[in-house]
Amino acid sequence: MPETNEFYVGYLKSPRTLTVFLGWAIPSLIVAALAIGWLVSRSQNDPGDGVWHHEANTLVGRVGATPYPLIRVPSKSPGHAAETVLLVSEGKHGGGERVAALDGRIVRVRGTILERDSCRLLELAHGDAVKPDDSLTAADTGRLAAPIIVALGEVTLRGEIIDPKCYSGAMKPGEGKTHKECATLCISGGIPPMFVTIDAAGRRSYYLLTDPDGRALTGGALHDGLLPFVADVVEIRGTLERRDDLQVLRVDLKSIRRL
Amino acid sequence: MSVGYVSVQWNRHKRIYDACVAGGIVLYLGVFFAAGKALYTGRNAISGEILAMRALATCAFLMLNVILCIGPLARLDRRFLPLLYNRRHLGVATFLVALAHAAIAIGFYHGFGNVNPFVALLTSNTNFTSLSAFPYQTLGLFALLILFLMAATSHDFWLKNLGAPAWKRLHMLVYIAYGLLVMHVALGILQTQRSPWLASLVGVGVVIVATLHLIAGQRERRHDERGSQLSPRAGEEWVDVGAVDDIADQRGSTVTVGAGERIALFRYNGCVSATTNVCAHQGGPLGEGKIIDGCITCPWHGWQYRPADGRSPPPFAEKIHTYRVRVVGRRIQVDPTPLPPGTAVEPARVEEVQSA
Ligand code: HEM
Ligand code: FES
């Protein structure tokens, strides 16, 4: 072995050749790391255009507790008499108890709006966020009398079971495998489960998921039949109907399978 | 070395090392976060918490890859030894960065619900039989526990109390942690990420780590195989292990005799001595060390031993195995039976033999 004095001991002064080597090797390593950081950061998925409007908002309409907490408000678009906004609470909690007592009444709800495409939710503010109200015109009240239901028959769909709160902007992204556990927690906490499909042109359609009788999915059906498939790419079968502007899918839980 | 335990022994190199590590981490996180904020804007902005979680995650994973490369790199090219010198600080830093990642994940993804976040982490996904739906976060949890165990026992206090072999075995768990983390990423983010970059980089990392280990391992194996052909001639305890002139003055070399431990040979001041190649600290290769101030100096962290008796100079108390050695002509011969650690052995005189 040729004699070199290049020998490094941490507590002694380094040989000069070694200092020179480290002088370029370490900065190069750090620069390479920064390049990787930039590359990985820019190759993240687009998180979608869901948005959470943080300014306080109020809606007046007919509140419903079934299948899930929601409010139907007079529609601004000509196609429908009423528009539906799902009601949820703060964090990963549904709006359940807070609307049950007023089911069917005309109310004013206070909170913040989350929306993505046609999917809209209102997160109820703290405290007294749902109050009876009589400011609607008789005509509007009439338009909200009962939802207009159109049966659309059996369908088989491919897409993803989502918690619409995160998906619509509470978390960006709020979908896919990395979001699976979070979405499971949201749905088990009372956020209504929804289904999203994306067509060839990239347009998303949203379906509210209920049991075969059109009621909320709860208990064992929810926990064993639906939650294991949240956020996965799945195929799902059920009976479809339109209630006002909302698509509701009565799910055959046994039909759900991962693709 | 081990005279009482200062929390961490500092010197200029460790400070520079740590400054590079800390600076590198801050710069990496800054670049990742700023790029995420600049490239995804308006309605399509990524949540700050998720950006931070990802910046920390990829930083820790990258650091782990670097840590795993340092060992074999230092064996293949001695110029990388300075990176090995303070590797444990890099390990502790990796744990802390990973911990911050996990804390955000647990708070954000498992918090705000009707279940304790730690319970949620373990219970909200139990699809252990599905690959695509696998609870990848539990893999991260186990890896984090391993990193914690290693960081917590990284100080020489633990090395001493667990004993070097047990400590070494414990720290071998890093390979299990690495495997768990590759799966944490593969079954997590890679199930949804559309861009192939992250997947490719993880793949390149795995290939580099594996290749470096294979090359370094193969080199040592070849060295040992050459040694395994060495054995004493019948009725003799002495084995010829090479020429004096193959070892530079104040330097060492390594031989393996039969299936025995590697033996380190040193040439200094007209003498040759033989000791075990295994440093009492973390098993560093003493034969690749150097004689400094009359002592064998380990290339890894600079622990020292007197060549003639394998003992650290006072006030230190470490001892290593020594071997009987003699020089015949210009050839070195050793008796491959290790003597108890710290046994004094008369160094073989090179010049005397030459003149005889
Ligand atoms: C309790 C422990 C852990 C939990 C709960 C956890 C959770 C997560 C979650 C939720 C994600 C997906 C983030 C997202 O993209 O939305 C993720 C990704 C990741 N984690 Fe962990 N993790 C843990 C431990 C670790 C450890 C110890 C490392 C070590 C380096 C690590 C490295 C990564 C990497 C590299 C990714 C992919 C980065 C990305 O999403 O772009 N994780 N982890
Ligand atoms: S292994 Fe640490 S000094 Fe030898």
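Labels below follow one simple rule: chain letters A, B, ... track the order of the sequence lines, proteins then strands, and each chain is numbered from 1.
Atom OG1 of residue A/T178 and atom CZ of residue B/R54 lie 5.5 Å apart, to the nearest 0.5 angstrom. For the atom pair CG of A/N45 and OH of B/Y40, the computed distance is 7.5 Å after rounding to the nearest 0.5 Å. Distance check, rounded to the nearest 0.5 Å: CZ of B/F108 to SG of A/C182 gives 7.5 Å. Atom-to-atom distance recorded for A/K177:NZ and B/Y136:OH is 7.0 Å, nearest 0.5 angstrom. Taking CG of B/L51 as the start and CD of A/Q44 as the end, the distance is 5.5 Å to the nearest 0.5 Å.
Residue B/R194 touches chain A through both its backbone and its side chain, counting heavy-atom pairs closer than 4.5 Å. Using a 4.5 Å cut-off between heavy atoms, B/L187 touches chain A through backbone and side chain atoms alike. Contacts between B/L27 and chain A at a heavy-atom distance below 4.5 Å involve backbone atoms as well as side-chain atoms. Both the backbone and the side chain of B/S132 come within less than 4.5 Å of a heavy atom in chain A.
Of the listed residues (B/L201, B/L121, B/N44, B/N114), the greatest number of heavy-atom pairs within a distance under 4.5 Å of chain A belongs to B/N44. Counting heavy-atom pairs closer than 4.5 Å to chain A, the top-ranked of the candidates B/I50, B/T126, B/L29 is B/I50. Here B/N125 is the residue among B/V115, B/V31, B/N125 with the most heavy-atom pairs under 4.5 Å with chain A. Listed options B/A34, B/G42, B/A120, B/S130 were ranked by heavy-atom pairs under 4.5 angstrom with chain A; first place goes to B/S130.
A heavy-atom distance below 4.5 Å is found between the side chains of A/I26 and B/L83.
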